[in-house]
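A quick write-up on the structure given underneath.
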Number of protein chains: 2
Amino acid sequence: MRSPCPIASALDLIGDKWTLLVVRDLMFFGKSRYGEFLDSPEGIATNILADRLRRLEDGGIVVREGAGRRHDYRLTDKGEALRPVLKSLIDWGLAHIPGVATEPPPDYRG
Amino acid sequence: MRSPCPIASALDLIGDKWTLLVVRDLMFFGKSRYGEFLDSPEGIATNILADRLRRLEDGGIVVREGAGRRHDYRLTDKGEALRPVLKSLIDWGLAHIPGVATEPPPDYRG
DNA sequence: CGGGATCCGTCTTGATACTG
DNA sequence: CAGTATCAAGACGGATCCCG
């Protein structure tokens, strides 16, 4: 039994286009509700969003809070621990992707 | 015109399961040839690998060197700049994914 | 033999419509 | 508002073929 590569294992959880965008909304933009994620300019589809939220929950990265329909999603400690990943991604994007830093960027705190 | 989010832009380039695994092979395991990437334990298919290498090249993250068939892929400065992303992903995986750190991990230099 | 391209069946993704 | 149902389009995996 070889222990799996931590990069490969991490990418199994968060290695797709949409998952980290939801984490970004939670981490940097203070969003917590389904409808707020939907409003993001990238335009995630409703079924994809539901699927990613479920995977994030199954992976222990977010928790769903509140009873009934009006629940909030919140990052767990494991989810918060992704902050350096997001930060380094932001730094890389700003430095190396043309057109991304030409205007005052939104407020990526953290 | 809003400037696009650097995270979203970055994920357009590297936000999938396979791309960062190729970067990992280049960055940490000293691989540089098609056949070497194929040998990685995750088992990428030939068509997928060819596609990802082309995208990485188009995105300025790798360059293809050498004439004829026997060429090497090498990280550009833009590709090397992904090192903090990979590093933070390794740290997160080791700390938060069960089973990943139970044996002496391979040598992630950097 | 190494480095792909191509074809094909399957699984996933995504846009939209619909429901409680 | 927070999802599910439906269904088309694309990505994937695997095998095979091809070309130098």
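We name chains A, B, ... by the order of the sequence lines, and we start the count at 1 in each one. Below, each value reflects all heavy atoms present in this structure, side chains not excepted, and no hydrogens, waters or symmetry copies.
Distances shorter than 4.0 Å separate none of the side-chain N or O atoms of Y73(B) from OP1 or OP2 on dG3(C). When the side-chain nitrogen and oxygen atoms of R54(A) are compared with OP1 and OP2 of dT4(D), one or more of them lie within a distance under 4.0 Å.
Atom CG in L53(B) sits roughly 17 Å away from atom P in dG2(C) (whole-Å rounding). In this structure, the NE2 atom of H71(A) is 6 Å from the C1' atom of dA2(D), given to the nearest Å. Put simply, CG on L38(B) is 11 Å from P on dG2(C), counting in whole angstrom units. In this entry the distance linking CD of E36(A) with C1' of dA2(D) reads 13 Å, nearest Å.
Atom CG of D58(A) has more than 12 heavy atoms from other residues, nucleotides or ligands within 6.0 Å.
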Readout for nucleotides 10-15 of chain C: B = base within 4.0 Å of protein heavy atom, S = sugar-phosphate only, - = neither; 5' to 3' it is ---SBB

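Evaluation of atom-type donor-acceptor distances gives no pair under 3.5 Å for the side chain of Y34(B) against the base of dG2(C).
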Could you walk me through whether T19(B) and D16(B) pass side-chain hydrogen bond (donor to acceptor under 3.5 Å, both in side chains), step by step?
CA-CA 6 Å; T19(B) 301; D16(B) 78 289; 2.3 Å; yes

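An end-to-end axis angle of 30° holds for the helix from dC1(C)-dG20(D) to dG20(C)-dC1(D), taken from five base pairs per end and rounded to 10°.
When side chains are defined from C-beta on, S32(A) does not count as touching R74(A), because their heavy atoms never get closer than 4.5 Å. When side chains are defined from C-beta on, K87(B) does not count as touching P84(A), because their heavy atoms never get closer than 4.5 Å.
Ion pairing between a basic and an acidic side chain is recognised when a charged N comes within 4.0 Å of a carboxylate O; K31(B) and D39(B) show no such pairing. Residues R55(B) and D51(B) are paired through a salt bridge, judged by an N-O separation under 4.0 Å between the basic side chain and the carboxylate.
If you check every strand for non-hydrogen atoms under 4.0 Å, F37(A) touches nothing.
Remark: R83(A) is positioned above the aromatic ring of F28(A), its terminal NZ or CZ atom under 6.0 angstrom from the ring centre and at most 45 degrees off the axis.
A distance of 10.0 Å separates CG in L89(A) from CG in L94(A), rounded to the nearest 0.5 Å.
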